[in-house]
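Right, one structure below, let's go through it.
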Amino acid sequence: ACLLAATFGLSATAQAMTVGFSQIGSESGWRTSETESIKAEAQQRGIELKFSDAQQKQENQIKALRSFIAQGVDAILLAPVVETGWDQVLKEAKDAGIPVVLVDRGVKVKDEGLYLTKVASDFVEEGRLAGSWLAAETSGKCDLVELQGTVGSSAAIDRKTGFAQVVDLFPRMHVLRSQSGDFTRAGGKMVMESFLKAENGGKGLCAVYAHNDDMALGAIQAIKEAGLKPGKDLKVISIDAVPDIFKAMAEGETNATIELSPNLGGPAFDAIDAAKAGKAVPKWIKVQGPLYLPDTAAAEYQRRSQ
Ligand code: GYE
């Protein structure tokens, strides 16, 4: 009976847990999947999730965090739109004894003790992987353009850095133009259109590197409209591995994507549980994904789109 009571008591506390989730918005297919996945994971664990969509604005995220603190939530998940400007509000959460788990992007703060942990991939590594693939594919000779993610986001900063580290090793590889498409399909298309215009209709270009699949999908559209063949005349490489990019890859219109799982709720909630149980939690819970090529694209699309 004692064991039963203890078990019951434990699950009752777990069920009562309330977590606030400050999400960036819904700029990409990847992010929409992440939102759905975290909501489903919370439901499965009996966690009451308070969800707030910041519409891409840091000030909305700060407001959401303050409201979660005022409501006395047990923990907070934060997907930070940009890297800087979080010290104050994270300190407020810490002073209130509320652990904050960063999901998918990182922050730059003076004191890393202001958050519990970060569940995210190594964006620099993703950039290096993309650069290495392109260098191998083009024998180190490629004039390319880059579509950056949201200005000031860790995802954009680090994916640019890692890619540049590889490009710098190859004297005949050049990033001719690099601009933000804000991680959206429309942004990717618009910026690619201007790149193509500025680069003689794209005739001298060898490739486009996009910081996410949605911008690559927009770029593919722009390349087609300019009368060139994406995936052939211009190689396309991006990051995320959303279902639609596999469809484009199966159709020969893009060449490679690096997977980032959107299922970050499991490890994030596990970290909160561990912290509440007094266990040590690592500062960075790394998620990793492979690079996918056209050979498996049709099967991957099938598997991911049902
Ligand atoms: O790659 C992109 C999204 O922060 C890892 O943000 C995330 C990125 C992801 O909008 O599609």
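Count residues from 1 along the sequence. Everything quoted here is computed from the prediction, not taken from an experiment. Just follow the structure's listing: the first ligand is 1, and inside any ligand the first atom is 1.
Nearest protein neighbour of atom 10 (O) of ligand 1, counting heavy atoms only, is Glu27 OE2, 2.4 Å. The protein heavy atom nearest to atom 1 (O) of ligand 1 is Asp240 OD1, 2.6 Å. The protein atom (non-hydrogen) at minimum distance from atom 4 (O) of ligand 1 is Asp104 OD1, 2.6 Å. Atom 8 (C) of ligand 1 has as its closest protein heavy atom Arg31 NH2, 3.8 Å. Protein heavy atom closest to atom 5 (C) of ligand 1, with residue, atom name and distance, is Leu260 CD2, 3.3 Å.
Atom NZ of Lys283 is surrounded by more than 12 heavy atoms from other residues, nucleotides or ligands within 6.0 Å. Residue Gln302 places its CD atom among 12 or fewer non-hydrogen atoms of other residues, nucleotides or ligands, all under 6.0 Å distant. No more than 12 heavy atoms of other residues, nucleotides or ligands lie within 6.0 Å of CD in Gln288, so this atom counts as exposed by the packing criterion. Under a cut-off of 6.0 angstrom, the local environment of NZ in Lys197 is sparse, with at most 12 non-hydrogen atoms contributed by other residues, nucleotides or ligands.
Heavy atoms only, all atoms of each residue included: Ala241 and Arg304 are closest at O-NH1, 3.3 Å.
Checked against a 3.5 angstrom limit, the closest N/O atoms of His211 and ligand 1 fall outside it.
At least one heavy atom of Arg159 sits closer than 4.0 Å to an atom of ligand 1.
None of Phe170, Tyr209, Phe123 except one satisfies the ring-ring contact (aromatic ring centres under 6.0 Å, His included) rule with Phe163; the exception is Tyr209.
Residues Leu65 and Leu78 have side chains in contact (heavy-atom distance under 4.5 Å, counting atoms from C-beta outward).
Each of the atoms 5 (C) of ligand 1 lies under 4.0 Å from some heavy atom of Phe123. Taking a cut-off of under 4.0 Å to the non-hydrogen atoms of Ser28, the atoms of ligand 1 that pass are 2 (C), 3 (C), 10 (O), 11 (O). Using a 4.0 Å cut-off to heavy atoms of Asn212, the atoms of ligand 1 that qualify are 2 (C), 11 (O).
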